[in-house]
Amino acid sequence: MGKSASKVFAEEALHSHNDYRRKHQAPPLRLSKKLSREAARYAESLASTRILKHSADSSRGNCGENLAWASYDQTGKDVSDRWYNEVQQYNFNRPGFTSGTGHFTAMVWKSSRKLGVGKAVASDGSTFVVARYTPAGNIVNQGQFEANVLPPRS
């Protein structure tokens, strides 16, 4: 993916993230060149192995991380919309982490400030997307979700 294509993708993902964050009273994210470089490098690594798994950086809590795979060329909006749609399964009356809502909660996590995003194409034409967030969101601590994942404004 060329530099201008990756910039367009990143800007589109950022814009979509911030539209959703606004609905949940979370401040806008800023695009980080450093996080985007790391996300792009990790997306390339995933595309080369064609295995979708979280990075050691995210496992250690250094950053929040969302991953996506598709058999087609994903747009920044498409990926963001798919992650956000998990809001339908999130129970705002019983806040907390669940495997079916982790992409959504990472996106709207109120205390996250920066976003990095990268996309890579595998040899079969499928695409791998990595989004990274700092400070890391959806921490598995009591009380954190209530303060960071707010219900949407009607």
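Everything quoted here is computed from the prediction, not taken from an experiment. Computed from heavy atoms alone, side chains included, the values below leave out hydrogens, waters and symmetry copies.
- Residues near Y72 contribute nothing to a hydrophobic cluster around it, because no ILVMFWY side-chain heavy atom sits closer than 4.5 Å to its side chain.
- In terms of heavy-atom proximity, S111 sits nearest to P135 at O-CD, 3.3 Å.
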Item to complete: Evaluate side-chain hydrogen bond (donor to acceptor under 3.5 Å, both in side chains) for R132 paired with S55, printing each intermediate quantity in order.
Response: CA-CA 10 Å; R132 291 202 168 163; S55 68; 3.1 Å; yes
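- A donor-acceptor pair shorter than 3.5 Å cannot be found between the side chains of S48 and S45.
- Annotation: side chain of R22 is not in contact with side chain of P28 (no heavy-atom distance under 4.5 Å).
- The stretch residues 23-33 participates, sequence neighbours left out, in no salt bridge (Lys or Arg N to Asp or Glu O under 4.0 Å) pair at all.
- Here side chain to side chain donor-acceptor pair (under 3.5 Å) pairs that include residues 85-96, with residues two or more places apart or in two chains, are E86-H103.
- Taking S36 as the reference, nothing meets the side chain to side chain donor-acceptor pair (under 3.5 Å) condition, with sequence neighbours excluded.
- Sorted by first and then second residue, the salt bridge (Lys or Arg N to Asp or Glu O under 4.0 Å) pairs with a member in residues 45-55 read R50-D124; sequence neighbours excluded.
- For D81, the side chain to side chain contact (heavy atoms under 4.5 Å, CB included) criterion is met by Y20, K77, not counting sequence neighbours.
- Here NZ of K114 is found 15.5 Å from OH of Y133. Values are rounded to the nearest 0.5 Å.
- Taking the side chain to side chain contact (heavy atoms under 4.5 Å, CB included) definition, one finds that L150 meets it with Q25, K110, sequence neighbours left out.
- Shown here are the side chain to side chain contact (heavy atoms under 4.5 Å, CB included) partners of R60, two or more places apart in sequence or in another chain: A56, D57, N62.
- With rounding to the nearest 0.5 Å, the separation of NE2 in H15 from OG in S80 is 10.5 Å.
- Closest approach of G137 to S112, counting heavy atoms only: N-OG, 3.9 Å.
- Going from atom NE2 of H54 over to atom OG of S59 covers 8.0 Å, rounded to the nearest 0.5 Å.
- Rounded to the nearest 0.5 Å, atoms OG (S32) and CG (L14) are 11.0 Å apart.
- Under the rule for a salt bridge (Lys or Arg N to Asp or Glu O under 4.0 Å), R41 has no partner lying at least two apart in sequence or in another chain.
- Clustering of Ile, Leu, Val, Met, Phe, Trp and Tyr side chains at separations under 4.5 Å leaves I51 isolated, with no partner residue.
- Through chains of ILVMFWY side-chain contacts below 4.5 Å, F128 is grouped with Y42, L46, L52, L67, W69, V130.
- Between the CZ atom in F9 and the CG atom in D78 there is a gap of 8.5 Å [rounded to 0.5 Å].
- Between A39 and G118, the shortest heavy-atom distance links the atoms CB-N, 3.6 Å.
- When all heavy atoms of L35 and G116 are compared, the pair lying nearest together is CB-CA, 3.5 Å.
- Considering N66, N148, N138 as possible partners of T105, the one that fulfils the side-chain hydrogen bond (donor to acceptor under 3.5 Å, both in side chains) test is N138.
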Discussion item. Could you go through W83 and V129, starting from their C-alpha distance and side-chain angles, then the distance that decides it, and tell me whether this counts as side chain to side chain contact (heavy atoms under 4.5 Å, CB included)?
Written reply: CA-CA 12 Å; W83 288 334; V129 174; 4.1 Å; yes
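- Remark: H24 pairs with Y84, V87, F92, F104, V108, P152 by the side chain to side chain contact (heavy atoms under 4.5 Å, CB included) rule, at least two apart or across chains.
- Contact annotation: the side chain of P27 approaches that of R21 to within less than 4.5 Å [non-hydrogen atoms, C-beta and beyond].
- A136 and C63 get closest at one heavy-atom pair: CB-C, 3.6 Å.
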